[in-house]
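Structure first, then comments.
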Amino acid sequence: MYARVTYDAEKRKMLRGLASTQDARLIVWILKAGLMGDVIQTQELPLVISTVCNGFTGYLFVWDFIQENWDNLIEKFPVGSFAIQTIIKSAASQFSTQAHLDQVQGFFYSLKERGSQMRTVQEALETIRLNQRWMEKNLATLTKWL
(Lines give C-alpha, C1' and ligand atoms only; values in the text may rest on other atoms or scores of the structure.)
Protein backbone atom coordinates (compact mmCIF):
# COMPACT_ATOMS: atom_id res chain seq x y z
CA MET A 1 0.00 0.00 0.00
CA TYR A 2 2.83 2.42 0.92
CA ALA A 3 4.51 1.95 -2.46
CA ARG A 4 1.31 2.82 -4.33
CA VAL A 5 0.62 6.11 -2.54
CA THR A 6 1.54 9.09 -4.71
CA TYR A 7 1.26 11.98 -2.26
CA ASP A 8 4.27 12.63 -0.05
CA ALA A 9 2.13 13.80 2.87
CA GLU A 10 0.27 10.48 2.87
CA LYS A 11 3.52 8.52 2.66
CA ARG A 12 4.90 10.42 5.65
CA LYS A 13 1.77 9.66 7.67
CA MET A 14 2.13 5.99 6.79
CA LEU A 15 5.82 6.04 7.70
CA ARG A 16 5.05 7.62 11.06
CA GLY A 17 2.48 4.91 11.69
CA LEU A 18 4.87 2.11 10.69
CA ALA A 19 7.72 3.60 12.70
CA SER A 20 5.54 3.96 15.80
CA THR A 21 5.37 0.21 16.29
CA GLN A 22 6.74 -1.57 19.35
CA ASP A 23 7.41 -4.71 17.29
CA ALA A 24 11.18 -5.18 17.29
CA ARG A 25 11.26 -7.02 13.96
CA LEU A 26 9.31 -4.25 12.24
CA ILE A 27 11.56 -1.59 13.79
CA VAL A 28 14.66 -3.35 12.45
CA TRP A 29 13.03 -3.78 9.04
CA ILE A 30 11.95 -0.16 8.69
CA LEU A 31 15.39 1.13 9.71
CA LYS A 32 17.13 -1.11 7.19
CA ALA A 33 14.59 -0.29 4.47
CA GLY A 34 15.14 3.42 5.04
CA LEU A 35 18.89 3.01 4.75
CA MET A 36 18.74 0.87 1.61
CA GLY A 37 16.29 3.22 -0.07
CA ASP A 38 14.48 0.68 -2.24
CA VAL A 39 11.10 0.52 -0.44
CA ILE A 40 11.41 3.65 1.68
CA GLN A 41 13.28 6.61 0.25
CA THR A 42 16.55 7.22 2.05
CA GLN A 43 15.67 10.89 2.46
CA GLU A 44 12.88 9.75 4.80
CA LEU A 45 15.28 7.92 7.15
CA PRO A 46 15.61 10.86 9.59
CA LEU A 47 11.81 10.96 9.91
CA VAL A 48 11.71 7.21 10.47
CA ILE A 49 14.47 7.41 13.09
CA SER A 50 12.92 10.32 14.99
CA THR A 51 9.56 8.53 15.06
CA VAL A 52 11.06 5.20 16.16
CA CYS A 53 12.91 7.02 18.96
CA ASN A 54 9.64 8.26 20.40
CA GLY A 55 8.64 4.69 21.22
CA PHE A 56 9.65 2.83 24.35
CA THR A 57 11.32 0.02 22.43
CA GLY A 58 12.70 1.96 19.51
CA TYR A 59 15.37 4.29 20.80
CA LEU A 60 17.74 1.49 21.80
CA PHE A 61 17.35 -0.15 18.40
CA VAL A 62 18.10 3.18 16.73
CA TRP A 63 21.28 3.68 18.74
CA ASP A 64 22.52 0.20 17.79
CA PHE A 65 21.53 0.87 14.16
CA ILE A 66 23.49 4.14 14.08
CA GLN A 67 26.62 2.54 15.49
CA GLU A 68 26.46 -0.40 13.10
CA ASN A 69 25.67 1.73 10.04
CA TRP A 70 27.56 4.98 10.67
CA ASP A 71 29.74 4.66 7.57
CA ASN A 72 26.68 4.05 5.39
CA LEU A 73 24.84 6.94 7.00
CA ILE A 74 27.59 9.44 6.28
CA GLU A 75 27.84 8.17 2.71
CA LYS A 76 24.16 8.96 2.21
CA PHE A 77 24.04 12.13 4.32
CA PRO A 78 27.01 14.51 4.65
CA VAL A 79 28.52 14.91 8.12
CA GLY A 80 26.93 17.98 9.66
CA SER A 81 23.86 17.86 7.39
CA PHE A 82 20.39 18.45 8.79
CA ALA A 83 19.63 14.75 8.29
CA ILE A 84 22.63 13.64 10.39
CA GLN A 85 21.77 16.25 13.02
CA THR A 86 18.22 14.90 13.25
CA ILE A 87 19.44 11.32 13.47
CA ILE A 88 21.94 12.05 16.26
CA LYS A 89 19.61 14.27 18.29
CA SER A 90 16.75 11.80 18.00
CA ALA A 91 18.89 8.87 19.08
CA ALA A 92 20.30 10.63 22.15
CA SER A 93 17.12 12.38 23.24
CA GLN A 94 15.85 9.50 25.39
CA PHE A 95 19.13 8.65 27.14
CA SER A 96 19.45 9.59 30.79
CA THR A 97 22.17 7.43 32.33
CA GLN A 98 25.91 7.74 32.76
CA ALA A 99 26.33 4.47 30.86
CA HIS A 100 24.55 5.91 27.83
CA LEU A 101 26.50 9.15 28.07
CA ASP A 102 29.76 7.20 28.12
CA GLN A 103 28.64 5.03 25.23
CA VAL A 104 27.58 7.95 23.01
CA GLN A 105 30.67 9.96 23.88
CA GLY A 106 32.96 6.99 23.29
CA PHE A 107 31.39 6.17 19.95
CA PHE A 108 31.61 9.67 18.50
CA TYR A 109 35.06 10.37 19.93
CA SER A 110 36.33 7.16 18.33
CA LEU A 111 35.29 8.57 14.95
CA LYS A 112 37.56 11.61 15.31
CA GLU A 113 36.97 13.93 12.33
CA ARG A 114 33.93 11.93 11.21
CA GLY A 115 31.86 12.68 14.25
CA SER A 116 33.19 14.06 17.48
CA GLN A 117 33.72 17.59 16.17
CA MET A 118 30.11 18.05 15.12
CA ARG A 119 28.20 20.58 17.15
CA THR A 120 25.25 18.20 17.11
CA VAL A 121 27.25 15.59 19.02
CA GLN A 122 28.09 18.13 21.70
CA GLU A 123 24.41 19.11 21.90
CA ALA A 124 23.38 15.46 22.16
CA LEU A 125 25.83 14.89 25.01
CA GLU A 126 24.48 17.96 26.78
CA THR A 127 20.92 16.65 26.34
CA ILE A 128 21.92 13.37 27.97
CA ARG A 129 23.53 15.27 30.88
CA LEU A 130 20.37 17.37 31.30
CA ASN A 131 18.23 14.21 31.23
CA GLN A 132 20.52 12.71 33.87
CA ARG A 133 20.14 15.74 36.13
CA TRP A 134 16.38 15.72 35.68
CA MET A 135 16.20 12.04 36.62
CA GLU A 136 18.44 12.54 39.67
CA LYS A 137 16.27 15.42 40.82
CA ASN A 138 12.84 13.94 40.10
CA LEU A 139 13.02 10.14 40.10
CA ALA A 140 12.41 9.71 43.83
CA THR A 141 9.40 12.01 43.69
CA LEU A 142 8.00 10.25 40.65
CA THR A 143 8.50 6.85 42.23
CA LYS A 144 6.55 7.96 45.33
CA TRP A 145 3.83 9.49 43.22
CA LEU A 146 3.36 6.37 41.08
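Nearest approach of F65 to L31, heavy atoms of both residues: CZ-O, 3.4 Å. Residues E44 and L15 approach most closely at CB-CD1, 3.6 Å, considering heavy atoms. Summarising the geometry of A91 relative to V62, their closest heavy-atom pair is CB-CG1, 4.0 Å, with the distance given to 0.1 Å.
A donor-acceptor distance shorter than 3.5 angstrom exists from the side chain of S20 to the backbone of R16, with no hydrogens or angles considered. Of the possible polar contacts, one joining the N131 side chain to the S93 backbone as a donor-acceptor pair under 3.5 Å is found. Between the side chain of S90 and the backbone N or O of I87 there is no donor-acceptor pair closer than 3.5 Å.
For Y59 and F95, the gap between ring centers is short of 6.0 Å.
Using cut-offs of 30° and 60° for the angle between ring planes, the W63 and F108 rings count as tilted.
In this structure, the side chains of T97 and H100 come closer than 4.5 Å at one or more pairs of heavy atoms. Between V28 and R25, every side-chain heavy-atom pair lies at or beyond the 4.5 Å cut-off.
Here the straight-line distance linking atom CH2 of W134 with atom NZ of K137 works out to 9.5 Å at 0.5 Å rounding. Considering CD of Q22 and CG of L26, their distance stands at 10.5 Å, rounded to 0.5 Å. The line from CG of N138 to CZ of R133 is 13.0 Å long, rounded to the nearest 0.5 Å.
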Trace of the side-chain contact (heavy atoms from CB on, under 4.5 Å) decision for D23 with I27: CA-CA 6 Å; D23 183 332; I27 291 170; 5.9 Å; no

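Results of the side chain to side chain contact (heavy atoms under 4.5 Å, CB included) test with N69 over I66, N72, D71 single out N72 as the only residue that passes.
Ion pairing between R129 and E126 holds under the 4.0 Å rule for side-chain N and carboxylate O.
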